[in-house]
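A short write-up of the structure that comes next.
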Amino acid sequence: MPIVLRHSQTGEIAACLMRNVYDFEYYGAKFWQEEAEAEREKQQLLEAIGQPDPERWVPIYVDESRLKLFNVKLNNDPNRRLYMNGEGKLTVERR
């Protein structure tokens, strides 16, 4: 089950530019398959996307369909931010 980073106060889901299996660049929710890997790479990712306070970003498990929905909501647009509240409701804001 994929793991993403969620800000514990705002609910923002960490997103960045990545490459898919076809070597195309896209903007989407960063995910990992292992929690230890997410913890190891968290600091570097957050610095790269300009997010302070790494201690407030926590790894959470999401299912594959939810991860796909995250990327649909982000719409390959780096100007969008995705938020998920405690009940799982998603909202998108433009930067």
Side-chain angles (χ1 to χ4, degrees):
M1 188 173 285
I3 299 161
V4 297
L5 292 178
R6 180 178 177 269
H7 194 279
S8 60
Q9 292 180 325
T10 67
E12 184 175 356
I13 301 296
C16 64
L17 287 175
M18 297 179 284
R19 292 211 172 266
N20 67 16
V21 295
Y22 304 105
D23 203 32
F24 291 116
E25 193 172 74
Y26 73 99
Y27 181 76
K30 175 65 176 164
F31 71 97
W32 297 268
Q33 295 299 326
E34 304 282 331
E35 190 169 349
E37 184 180 22
E39 286 292 347
R40 272 194 317 272
E41 295 179 10
K42 177 170 87 167
Q43 179 79 31
Q44 182 181 0
L45 170 68
L46 294 173
E47 286 176 7
I49 63 174
Q51 293 291 344
D53 303 321
E55 66 280 352
R56 293 189 181 176
W57 291 84
V58 294
I60 61 167
Y61 289 90
V62 297
D63 62 32
E64 294 278 342
S65 61
R66 191 73 163 163
L67 180 60
K68 288 177 183 177
L69 181 58
F70 289 173
N71 290 332
V72 167
K73 294 281 189 183
L74 288 166
N75 197 31
N76 200 25
D77 183 349
N79 292 314
R80 289 181 171 218
R81 287 188 173 187
L82 177 66
Y83 299 88
M84 183 174 70
N85 71 13
E87 291 79 42
K89 181 181 177 198
L90 300 176
T91 55
V92 176
E93 291 181 6
R94 299 214 22 102
R95 292 183 198 199

Nearest non-hydrogen partners of [X] and [Y], listed with the distance:
X     : Y     : answer
Arg80 : Tyr27 : O-OH, 3.3 Å
Trp57 : Glu12 : CZ3-O, 3.3 Å
Gly28 : Asn71 : CA-OD1, 3.1 Å
Thr10 : Tyr83 : O-CD2, 3.5 Å
Pro59 : Ile3  : CB-CG2, 3.6 Å
Ser65 : Asp63 : OG-OD1, 2.9 Å

For [X], does the [atom1] atom have more than 12 heavy-atom neighbours from other residues, nucleotides or ligands under 6.0 Å away?
X     : atom1 : result
Glu25 : CD    : yes
Glu55 : CD    : yes
Lys42 : NZ    : yes

Polar side-chain atom of Arg6 near backbone of Met84 as donor-acceptor pair, under 3.5 Å: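 Yes, the answer is positive, given that a donor and an acceptor are paired below the 3.5 Å cut-off.
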
N/O donor-acceptor pair under 3.5 Å between Asn75 side chain and Asp77 backbone: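 No, Asn75 side chain to Asp77 backbone: no donor-acceptor pair under 3.5 Å.
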
Close side-chain approach of [X] and [Y], heavy atoms under 4.5 Å:
X     : Y     : answer
Asp53 : Gln9  : no
Val62 : Phe31 : no
Glu35 : Tyr61 : yes
Trp32 : Leu45 : yes

Euclidean distance, Leu74 CG relative to Ile13 CD1, rounded to 0.5 Å: 9.0 Å

Distance, nearest 0.5 Å, that separates CZ of Arg95 from CZ of Arg81: 4.5 Å

Passing option when Val4 is tested against Leu67, Leu82, Val58 for side-chain contact (heavy atoms from CB on, under 4.5 Å):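 Passing option: Leu67.
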
